[in-house]
Amino acid sequence: MELKTFKKGGIHPEENKLSVSAPIESLAPPAIVSIPISQHIGAPSKPLVKKGDEVKVGTPIAEMSSFISAFIHSSVSGTVSKIDDVVDSSGLRKQAIIIKTDGDTWEKSIDRSPELKKNFTLDASEIIEKVKKAGIVGLGGATFPSYVKLMVPKGKKAFAVVINGVECEPYLTSDHRIMLEKTDEILVGVSLIMKATNLKKAIIGIENNKPDAISIMRTKAKNFEGIEILPLKVMYPQGAEKQLIQAVTGKEVPAGGLPIDVGAVIFNVGTAFAIYEAVQKKKPLVERVVTVTGKAIPKPSNLLCRIGTPVANLLEQAGGSLENAGKIINGGPMMGKALVTPDVPITKGTSGILVMPKELATRKKESPCIRCAKCVTVCPMVLEPYLLSRLGRKYLWERFEVEKGMNCFECGSCSFTCPANIPLLDYIRVGKTEVGRIIRSRK
Amino acid sequence: MGSLLLNSILLLGSVGLVAASVLFFVAKKFYVYENPKIDEVDDVLPSANCGGCGFPGCRAFAEATVGATDLEELFCPVGGNETMKAVAKILGLEVVEKGPMVAVLRCNGSNENSPKKINYDGVSSCLSAHSMYAGEGGCPFGCLKLDDCVRVCDFDALKMDAKTGLPVVDEKKCTACGACVDICPRNIYELRPIGKQSKRVYVACLNTEKGAIAKKNCAVACIGCNKCVKVYDSGGAVVMKGLLSYISPQVDVENQGGYLVGSCPTNAIMGINVEAKKLPPKKKPSKPKEKES
């Protein structure tokens, strides 16, 4: 039987999953953490603590400031040393809560025992409330507050939960390791999501390059009702929500629409695990698994680290020196963003830290477009990247909008494929920024 | 042979006659009246089609002026007063004279003042760089040193200085059309009066961060020390906007410009054709605080 995948476009870059056999290790809490108040999509959270306050692991330190926002909890125990602006991954200064660590005391309510708590009696609204209070956001990278997704809007009808175990980005392995090591927890988390959304069916999509994860999930899913494991053909960008929904259900999310428009509620496996911990163990989102990898890293690892840990600490743990590092990338090689300094903190949305050696980090020389249309073939959103990029370069914003440039979700397949090394995506991104601004100003 | 020649002349001549009469009637029937003054005005305009007036091109500007009752809001920055006088003469309207303007770059974060901390190897576009990061020098308000403004300039008035890394405005060529003002993602350009004998004084910094942080990224950052506000003692031409000083174009450059330039401890105040002067030690300035938030 042929494996499913999405219909249009897609590429298959070299996988380079260097850290796939490295079990998840815990990283000791750092001496100092800086926890940005804006780690999610939506309004920045409002700090609840002030300088000099004592906090424990799991103490809420910032609360939601609007409907789309999230709680933030202290990831270490110690004292709040200041609330100040710190440099974030783009070199801009953003407000963060800085906590000096002293010991490692957790809030008493948190259950830290490793045993599996499978049964639950909570109803939907209680689960949603717990997810909201735990500050859980989508851990796949988009960081959309999860509790909002659990509340199916009135008038919309969902038919299935889709769980993203695809991890289509090369190099990254954090989701893969979670699936191997925390299988039962993820499945309980999925059951909780099904309960909260009142759905009877869940499909976990996993790419076929993770046979071990597929087999272990399949074996264990037999004990859970309504959960199906669906192996998918290896194809980037299958982890994007619209592509995954198409691969799993065959339905196409309309441009500008949400998954719920075709009846799907979609979560990452990491988020499912975090929801399990939040509901069953009362543990807020204070740590996450981050893959530290790349050809300049001697010991590629998967580290369970506290939110707010500086990237430098992770690199040290993985034995990486910065001597041969050309670029430190937050995320995967396709969609990740280069960091300006290794002192930036890990946030809820950091799935990986990739260190590229100098020889791989530089761009290749650009040559003229030969009109081969490879970019058109690979675009998963069926756009014309060569045209959009040209429009972005020439500041032709109106035409850019007409050509549906705003549907691009920046997967980078076009730039990756281009035989002329044209930085297509960079110029499309310019167009998206400007056209987005124009559209907002119309309102 | 003779009849062949005659026949063809007759045939082609009659075809021509029929076509001409059809064209004549169509032209009469579907005639669109257009004020002949539009053409006249269009002829005196510079035909740069730069959009500096706010209209899509010179023709659209001509149409707007012909329809207008006064020239208060309408001005061709490229042609300047001369052109506007000619336009006013055609239309029989009062001319509204405006002083010549020039674009100034309100950033002095040159390679020397704000050295490179990181390497940017993305595309050469300020719009792209701005959406991604703070800048090679680390200042999130300063010039990104790529060349979007140079590319949009229709008048060849901008050049990148290889040494400083900053764009340089050629005062003689700049028409103040505003293309660079619009394209700059950080709004660094400002159109200011060219000034008597090209004397201008302005704050070449837009950084609103705290002094210590701003200074870390750039040697000539405005640190919000308030000294220039204290030195200048007439009527609100120098104000603090948060932690950033702003010198308005109405400033008295002739008498006080030099003192303003001299008062700045970080040399953030730029004086074009103005010598820096130190204020002689004098009585405490009696200027009331002009803080704006």
Side-chain angles (χ1 to χ4, degrees), chain A residues 84-95 322 325-330 336-344 356 358 360-366 389-398 400 410 412 415 418 421-438, chain B residues 50-51 56 109 114-142 144-154 178-187 206-218 221 242-243:
Chain A
D84 198 5
D85 293 352
V86 296
V87 172
D88 76 350
S89 55
S90 57
L92 302 170
R93 305 179 76 82
K94 298 272 167 67
Q95 202 176 31
L322 293 178
K327 258 181 201 163
I328 307 171
I329 296 166
N330 176 7
K337 233 182 112 182
L339 296 176
V340 294
T341 143
D343 301 326
V344 301
M356 284 293 199
K358 277 186 186 127
L360 288 178
T362 45
R363 292 198 185 216
K364 292 185 196 123
K365 200 175 173 297
E366 187 187 338
S389 149
R390 184 55 61 91
L391 294 172
R393 200 180 283 212
K394 298 279 180 197
Y395 316 118
L396 297 171
W397 312 136
E398 279 159 25
F400 186 91
E410 308 180 14
S415 297
C418 184
N421 301 317
I422 299 171
L424 294 158
L425 178 59
D426 294 67
Y427 285 109
I428 296 176
R429 208 182 270 133
V430 167
K432 278 186 71 187
T433 320
E434 287 303 300
V435 174
R437 213 179 48 168
I438 293 167
Chain B
C50 64
S114 175
K116 261 189 195 181
K117 292 198 182 71
I118 48 171
N119 247 329
Y120 170 75
D121 74 340
V123 296
S124 175
S125 156
C126 305
L127 295 173
S128 174
H130 174 67
S131 66
M132 271 193 263
Y133 79 135
E136 285 184 324
C139 175
F141 298 88
L144 287 156
K145 299 173 190 169
L146 300 165
D147 58 353
D148 280 17
C149 50
V150 176
R151 270 188 281 148
V152 296
C153 185
D154 282 340
C180 50
V181 180
D182 289 342
I183 201 73
C184 181
R186 296 194 160 172
N187 296 321
L206 287 169
N207 194 316
T208 54
E209 291 171 323
K210 285 177 198 158
I213 295 165
K215 200 74 174 122
K216 210 181 267 177
N217 290 325
C218 182
L243 284 171

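Values reported hereafter were calculated over all heavy atoms of this structure, with side chains retained and with hydrogens, waters and symmetry mates removed. Owing to the predicted nature of the structure, the values given are computational and were not obtained by experimental measurement.
- For B/Leu127, the parts sitting under 4.5 Å from any heavy atom of chain A are the backbone and the side chain alike.
- Donor-acceptor pairing under 3.5 Å is lacking for the side chains of B/Asp121 and A/Thr362.
- Closest approach of B/Asn217 to B/Gly138, counting heavy atoms only: ND2-O, 3.1 Å.
- Neither the backbone nor the side chain of B/Asn119 comes within contact range of chain A; no heavy atom of the residue lies under 4.5 Å from a heavy atom of that chain.
- Counting heavy atoms of neighbouring residues, nucleotides and ligands inside a 6.0 Å radius, atom CZ of A/Arg390 does not exceed 12 of them.
- Using a 4.5 Å cut-off between heavy atoms, A/Arg363 touches chain B through backbone and side chain atoms alike.
- Per-residue counts of heavy-atom pairs under 4.5 Å with chain B were compared for A/Glu434, A/Lys327, A/Arg93; the largest is that of A/Arg93.
- A 4.5 Å side-chain heavy-atom check between B/Met132 and A/Asp426 finds at least one atom pair inside the cut-off.
- For the set B/Asp148, B/Val123, B/Val152, the entry with the most heavy-atom pairs within less than 4.5 Å of chain A is B/Val123.
- A salt bridge between B/Lys145 and B/Glu136 is absent, with no side-chain N of the basic residue lying under 4.0 Å from a carboxylate O of the acidic one.
- For A/Arg437, no part sits under 4.5 Å from any heavy atom of chain B, backbone or side chain.
- To the nearest 0.5 Å, atoms CG (B/Asn207) and OG (B/Ser114) are separated by 10.0 Å.
- In this structure, the portions of B/Ser128 lying under 4.5 Å from any heavy atom of chain A include both its backbone and its side chain.
- Only the backbone of A/Ala361 comes within contact range of chain B, judged by heavy atoms closer than 4.5 Å.
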